[in-house]
Engineer: 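To start, I am sharing the structure in question, which I have written as structure tokens.
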Amino acid sequence: MSIVFFLFQQTMFFSIPLLIVALGGMYSERSGVVNIALEGIMVIGAFFGIFFINIMQSGNILSGNLLFFITILVVALIGGIYSMLHAYASINMNADQVISGTALNMFAPAFAIYTARMIQGVQQVQFKNQFRIASVPFLGDIPVIGQLLFTNTYISTYIGFVILLVSIFVLYKTRFGLRLRACGEHPGAADSVGINVYKMRYIGVFISGALAGVGGLVFVIPTSTNFNADVAGYGFLALAVLIFGQWQPLKILGASLFFGISKTVAATYAIVPVLTNLGIPDYIYKMVPYIATLILLSFTSKKSSAPKAAGQAYDKGAR
Amino acid sequence: MSNKKKTFFKSEIMDSFLSSFTAIIIGLLFGFIILLLSNPNQAFAGFKTILMGGFSGGAKGIGDTLYFATPIILTGLSVGFAFKTGLFNIGAPGQFVVGSFFAVYVGILFPALGLVHWIVALIAGTIGGALWGLLPGILKAYKNVNEVIASIMMNYIGIYLVNMLVRDNAMIFDTLRNQSKFPHKSAIIPKMGLNLLFPGSSVNGGFFIAILAVIVIYFILNKTTFGYELKAVGHNKDASRYAGINEKKSIVLSMVISGALAGLGGALLLLAGAGKHLEVVDILPAEGFNGVPVALLGMSHPIGVFLSALFIAHLGRGGFYLQRLNFVPEIITIITSSIVYFSAFALIMKNYVQKIRKKFQKNNEGENANDDISENKAIENIEEVE
């Protein structure tokens, strides 16, 4: 039974970053801007975040989960600012959003490595992992749920769920959310009732940058003690999760959990007795989530719920 | 009429070239500023080294530029071809790695092929890449699966599959170094005299094969009905179907050809005899991803891709020699990515330049002003399709 708890806890470490970044991508695409720069923004967020933590820890200025929380806020801001490059190119300059996104993806790891080596001599940025919560005070003692959700965890898990709930509320229950969605489906109609499509899209991209930055940080912290300018393609995986989740928050949660569980099984099957007895090669486990996604996508893509105006520059004159 | 068409045609290409050129200048300037900020004393020397590129190493350096350009010419063609037909082939790394596996497999296990061994191995690599592009193509054409996601999935499936096949095959796997073994000597691409022109470098006949691929793709895209149909489907799927083109078949074939090009790139790299092996690590080949900026800078035109691949390889060599001055070579990627970023603006700049040019020419033509405008628009529309 403890294995089940362990697997669940590990799944959170893989799923929550995917969830956060995919939700970010959702904001951007729902407003009409395709943001494939998520990978690059994750790297920038993780780099600045880990560097910030490194400095704060070395100087003994801040530590523990307070530091983690503050870093999340810092990184959200930085991610949002970095994504403004993409926003400006896509919205004001009517650039091909793929080009702009690709440029940001290329720039981020190069910048992270260059800056790290210029400042501290080596490429890897170290940090001390003081953020693991062994058990949340009262909630961790609840019989089953306590062990599943409140032991051996990080505050990022809860922040991820909060972001999810806020996103569902904002997207479907507020005027802002409605206007945002309108800009992605039919910007001309939105414009005709007075919504500033450009401003909406800027906000959408900023939120996606902020969330992607946070996602990058949250990806590195539970799984490592250093950052090496790479997020293992999670930004692209988040795009897959976004499309798999049909641009809807709850389905995105489902898709991220699916991926998270698959990745966890691939990484930990050696300690699960049932699975080791099957004798399946390790690479097959690694391939399963991707193959499964392809199969599932081939059944669900006929009626794609993609925002209709995603990827197209908005031209006021065309109305 | 044809005279006017020629001048407008020239100006279209000129505008594209000017906009790419502007992006390159801005990108280089940005890189120079970063050099200044990191190490002001060495900044000028560093910038000069970047601009000199492979020339810093003499004949060997130039040869190495050609060697490093070869795989990205192919992946650039791959991505550019897909772009021209309306698809974003981000699966180039996966196709590249599967192609290199097929090539290495034939290269190690079929020495009996003798003289044609390397040719067969290259063809095998091309087929491998083609197969890997086939599935996303089918899924896109018949099931409306977004080719970006399908290709990303295939990238990961590809690297894991190849890693598994290499590691579990005793004939191919070098356990000590965790990579594939050397292909048989007869599978290595012949030097074709390039080792005499550029002694000491790794350049080989693969460069000529890359040039051949550029010519073939140019021919397909611009001189055949097939290429015309592919481009038409890229512009407007529904209109093409209305015109009688089988758009599903076109999409599949586009991805297959795109994959084949990337696979050939992988084969050319692994059979170059320069010591490149298939390492069993879960990392996608950078040459695959670098096809995207190469294609974007080259405006997806085969000749543009060729020149932009040479340029990016040239800068890359500059970054290599930059290490002598204690700069971090990643500055090159910073410069390249800035160039790509500004090339996105360049499109809007190109429209702006075209408008100015047209206004200028309209004023010059005096009485026939009105005729020229409508003729211009008609000619411009014809060129837009190309």
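Residue numbering restarts at 1 for every chain, and letters A, B, ... go by the order of the sequence lines. Note that the structure is a prediction, hence the values are computed from the model and not measured. Reckoned from all heavy atoms, side chains included, excluding hydrogens, waters and symmetry mates.
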Engineer: Would you compute the distance between atom OG1 of Thr115(A) and atom CD1 of Ile34(B) and round it to the nearest 0.5 angstrom?
Structural biologist: 7.5 Å
Engineer: For Ile99(A) and Val340(B), work out which heavy atoms get closest and say how close.
Structural biologist: CG2-O, 3.5 Å
Engineer: So for Ser298(A), is it side chain, backbone, both, or neither that comes closer than 4.5 Å to the heavy atoms of chain B?
Structural biologist: both
Engineer: Quick one: do the Thr102(A) and Tyr341(B) side chains pair a donor with an acceptor below 3.5 Å?
Structural biologist: no
Engineer: Between Asn92(A), Val98(A), Leu239(A), which shows the greatest number of heavy-atom pairs under 4.5 Å with chain B?
Structural biologist: Val98(A)
Engineer: Classify the angle between the aromatic ring planes of Phe30(B) and Phe107(A) as parallel (below 30°), tilted (30 to 60°) or perpendicular (above 60°).
Structural biologist: tilted
Engineer: Please verify the inter-ring angle class for Tyr290(A) with Tyr160(B); under 30° counts as parallel, over 60° as perpendicular, anything in between as tilted.
Structural biologist: tilted
Engineer: Which answer fits Leu85(A), side chain, backbone, both or neither, if we ask what part of it has an atom under 4.5 Å from a heavy atom of chain B?
Structural biologist: both
Engineer: Tell me, out of Val292(B), Asn163(B), Asn146(B), Asp168(B), who's got the most heavy-atom pairs with chain A below 4.5 Å.
Structural biologist: Asn163(B)
Engineer: Contact part of Leu296(B) toward chain A, heavy-atom cut-off under 4.5 Å: side chain, backbone, both or neither?
Structural biologist: side chain
Engineer: At their closest point, which heavy atom of Ala110(A) faces which heavy atom of Thr333(B), and how far apart are they?
Structural biologist: CB-CB, 3.5 Å
Engineer: Restricting to non-hydrogen atoms, name the atom on Ala150(B) and the atom on Leu294(A) that form the minimum distance, rounded to 0.1 Å.
Structural biologist: CA-CD2, 3.7 Å
Engineer: Name the option with the most non-hydrogen atom pairs under 4.5 Å to chain A; the candidates are Thr336(B), Leu139(B), Leu161(B).
Structural biologist: Leu161(B)
Engineer: Would Met164(B) and Lys286(A) count as a side-chain contact (heavy atoms from CB on, under 4.5 Å) if you check the C-alpha gap in whole Å, the side-chain angles of each, and the deciding distance to 0.1 Å?
Structural biologist: CA-CA 11 Å; Met164(B) 187 172 81; Lys286(A) 290 189 184 182; over 6 Å; no
Engineer: Check each of Ile159(B), Ile157(B), Asp282(B) against Tyr283(A) using the side-chain contact (heavy atoms from CB on, under 4.5 Å) test, and report the only one that passes.
Structural biologist: Asp282(B)
Engineer: When heavy-atom pairs shorter than 4.5 Å are enumerated against chain B, which of Ile119(A), Val288(A), Ile243(A), Ile284(A) gives the highest number?
Structural biologist: Ile243(A)
Engineer: Which answer fits Val145(B), side chain, backbone, both or neither, if we ask what part of it has an atom under 4.5 Å from a heavy atom of chain A?
Structural biologist: both
